[in-house]
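Read the structure below first, then the notes.
Below, read A as the first sequence line, B as the second, and so on, with proteins coming before strands; counting in each chain starts at 1. All values reported here derive from a predicted model rather than from experimental measurement.
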2 protein chains.
Amino acid sequence: MNPNVSLSAFRLQRAVSVCSLHSLELLVASLPENVEYLSGFFPVSVSALYSAEAYLVFKPSTGEKALITSAADAPTLTELGFEGTLFPVGSFCFRYEDGDPVSDFVREQLKTRYASVSDALASAITALGFSRGRIAMDESRMPIGTWNQVRKAFPNADFIEGAPVFRQIKYIKHPDEVALIKKSTNITETSFQRLLPLIRRGISEEEMCQAFYEGVMAQGAVPYFCTATVDRRSAFVDTYNHPLSTVKEGSVIRFDFGCIYKGFRSDIARTVVAGENEKAARYYSGILEGEEAAISALHPGVTAGEIFDTAVAAVRKTIPHYDRHHCGHGIGLACYDLPSICPGSDVPIEKDMVLCIETPYYELGWGGVQVEDTVLVTGESAEYLTESSRELIYVEV
Amino acid sequence: MNPNVSLSAFRLQRAVSVCSLHSLELLVASLPENVEYLSGFFPVSVSALYSAEAYLVFKPSTGEKALITSAADAPTLTELGFEGTLFPVGSFCFRYEDGDPVSDFVREQLKTRYASVSDALASAITALGFSRGRIAMDESRMPIGTWNQVRKAFPNADFIEGAPVFRQIKYIKHPDEVALIKKSTNITETSFQRLLPLIRRGISEEEMCQAFYEGVMAQGAVPYFCTATVDRRSAFVDTYNHPLSTVKEGSVIRFDFGCIYKGFRSDIARTVVAGENEKAARYYSGILEGEEAAISALHPGVTAGEIFDTAVAAVRKTIPHYDRHHCGHGIGLACYDLPSICPGSDVPIEKDMVLCIETPYYELGWGGVQVEDTVLVTGESAEYLTESSRELIYVEV
């Protein structure tokens, strides 16, 4: 990739090239992050309301774009330099002022309004010259009613699911995206560093989560998820944090957490021992060896399945019964980007992928240990985006 | 409603009664909030990952439940007293300890696993004795692939969209739910009170949003949304908060914001003037009169359309050109619950609805003013859940 290509130009190039692989005439985004990826416009209402919808239609052969969203979003578009056609939905009311440029723009944009999102989407697709051929619609945030109505309007077209197309577009990152993932990751790490001195005998899972989230907010990011589980509950995977499960002398505490910074997710894991815990120390050394072996093995051309095998084999030197269904995943605007580092995968690792590599271990009745780091695949190897120590962390309580 | 009915019993009664209205044999939840409504189990992974799915199938005639979720969630279920059948998906790996009750439970639960969510969902539906008849599937978080595969497995059944069914179930609130909405609302108000002294000349929209979110976190809630827009941008509806749009002498600042407390959304609005702004004061007095007239008119039996008309007519005494597409909505586990307070609606207001009543005004080229409060409909009228002053707020900058 040419590092001098702007982020928006890079994203359109990615979209054009993946659409070509799938012989797509049109690509429709529904997930707010996917709408923003192609247009620069993030539909705030869709992100907040499950019942709201917004779509971006992209025509790879010409680069044309159509945005289907609430009429209420028209003023925001004046600031974003959106180059495309707006298909506004609904009867949102503005008062206009003569001679005001935003008023003029919005009044012009809202001359034709659509009563329903599906009418607007079908009209946009027609306006882009589509009637037959292949179209991918991102099903992530498209309810069945919209899907069926649009499909019915184009009886000669071939509809495919678009979410996998977007995952393929997004798995190679631009340097600006890498920088934002790194920032998101480092905010998570810093919040954790601020939390560590607060860990004391009696602190609950819920309180540790709360402290982590406050640290995230204080750095201008948004809380995303936090698993801060103690002892037996540390084997409970992505569970809620219990207000009555607390740290004791000898506790093992498994943290798996992340934040959202300018849309980019982070997802790392660390393990803390309060005082001493021989079994946790032994098992942690095994999973860390597995994680680091996998990261050391990363280079363009190796397959995801080989990385998985490397991780599991290294952990088994210490934990012979270790078993796992994946040892990592891409990360970016979604927490689970491609590829999945899973058994048997022949997906090749590529330069400019950003990956979370992890080797968690969950033993019911005892507890869990986990380490997870985020790396950028470079020309020959992988470079850590995480900056903190990966060792087991000991605190006195 | 009998106030002595427990929350979980109340929710099942609501579901049974609405299923009966629609002659439903089965109801399927997909939105994490809807899964939790019927089961007590909130699928954390589905909430965090757009590509994840979990479903709860409910059979109103017997009260039977089936939960379709990742095998990784099995340990968490031991704590929730979930009464139903688990249909676990995927190959998630646990290490078990003999004699440990959680290990025994999870091992037993995971004896039969499903390779895909749609296989598990179809199996669950069959296990509940369904083959023909009417089934509503909540489309909110069900991708088209799952919908089509399940539908194909039951060619003689009548499938309808379930999201409207859940909205109908949830629009009458239990006292415990009212208490949580009130708490969520009051956290938003308290965060705003903490933010007010920080408003000074030069503070940006982004900084005000950040301060609001920090206040929310400090009270144990999660940031949900915040529109903190200044002057011309205060007419931009649900837009992002601009880092370079700042408060000046005479500025009007429109706040529309909320948080999430134990799943319950809050959504209120207040307007601030920095120093003096005669037009903002005049227009605000108009919208406040409209909001308060609407709230005063609330009682069981009046229609949503009548409340809308009352609000708009009262605002027009001061702003003759005032126009609006809705003046409020229900609120609860979703920000936009039923009913919508919109023109022409003949939906009757009922006791135990919780409503957000709002009369925003957006004038492009100038700005916007807004007031929004949350009320509980009682036997004869409505009771404010908001506790703060509704007057226009003046700050010195």
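Contact count against chain B (heavy-atom pairs under 4.5 Å) is highest for A:Arg233 among A:Glu33, A:Met142, A:Arg233. The choice from A:Tyr213, A:Tyr50, A:Tyr361, A:Trp366 that makes the most heavy-atom pairs within less than 4.5 Å of chain B is A:Tyr50. In terms of heavy-atom pairs under 4.5 Å with chain A, the best-connected choice from B:Gly368, B:Gly365, B:Ser45 is B:Gly365. Ranked by heavy-atom pairs shorter than 4.5 Å toward chain A, the options B:Pro43, B:Gly220, B:Ala163, B:Ser51 are led by B:Gly220. Note: B:Ala218 leads B:Ser140, B:Gly90, B:Ala218 in heavy-atom pairs under 4.5 Å with chain A. Interface summary for chain A: among B:Met137, B:Gln210, B:Glu139, B:Arg324, the most heavy-atom pairs under 4.5 angstrom belong to B:Gln210. Among the candidates A:Tyr336, A:Phe225, A:Phe92, A:Tyr322, the residue making the largest number of heavy-atom pairs closer than 4.5 Å to chain B is A:Phe92. Between chain A and the options B:Val216, B:Thr239, B:Val106, the largest number of non-hydrogen pairs under 4.5 Å is found for B:Thr239. Chain B forms the most heavy-atom pairs under 4.5 Å with one residue out of A:Pro143, A:Ala48, A:Cys335, and that residue is A:Ala48. In terms of heavy-atom pairs under 4.5 Å with chain A, the best-connected choice from B:Pro223, B:Cys93, B:Ser70 is B:Cys93.
No donor-acceptor contact under 3.5 angstrom links the side chains of B:Glu53 and B:Ser30, judged on distance only.
Only the side chain of B:Thr78 comes within less than 4.5 Å of a heavy atom in chain A; its backbone stays farther off. Interface remark: A:Ile319 contributes no atoms to any contact with chain B (heavy atom separation under 4.5 Å). For A:Tyr224, the part lying near chain B is the side chain, with the backbone staying farther off; criterion is any non-hydrogen pair under 4.5 Å. There is no contact between B:His326 and chain A, counting heavy-atom distances below 4.5 Å. With a 4.5 Å cut-off on non-hydrogen atoms, B:Ile160 does not touch chain A at all. At a 4.5 Å heavy-atom cutoff, B:Ala74 makes no contact with chain A through either its backbone or its side chain. Residue B:Ala72 touches chain A through both its backbone and its side chain, counting heavy-atom pairs closer than 4.5 Å.
A salt bridge is absent between A:Asp337 and A:Arg265; no separation between the charged side-chain nitrogens and carboxylate oxygens falls under 4.0 Å. Looking at B:Arg232 and B:Glu363, no side-chain N of the basic residue comes within less than 4.0 Å of a carboxylate O on the acidic one, giving no salt bridge. Between B:Asp98 and B:Arg107 a salt bridge is recorded (basic side-chain N to carboxylate O distance below 4.0 Å). The existence of a salt bridge linking A:Glu214 and A:Arg194 is excluded, since no basic side-chain nitrogen approaches an acidic carboxylate oxygen closer than 4.0 Å. Contact check on A:Arg316 versus A:Asp323 returns a salt bridge, with a Lys/Arg side-chain nitrogen under 4.0 Å from an Asp/Glu carboxylate oxygen.
Remark: side-chain polar atoms of B:Ser245 are not paired, donor with acceptor, to backbone N or O of B:His242 under 3.5 angstrom. The backbone N or O of B:Gly258 sits nowhere less than 3.5 Å from a side-chain atom of B:Ser266 that would complete a donor-acceptor pair.
The aromatic rings of A:Phe94 and A:Tyr96 lie tilted to each other, with the angle between the two planes from 30° to 60°.
Contact between A:Asp138 and A:Asn34 at its shortest, heavy atoms only, is OD2-ND2, 3.0 Å.
For B:Phe41 and B:Phe82, the ring centers are positioned 6.0 Å apart or more.
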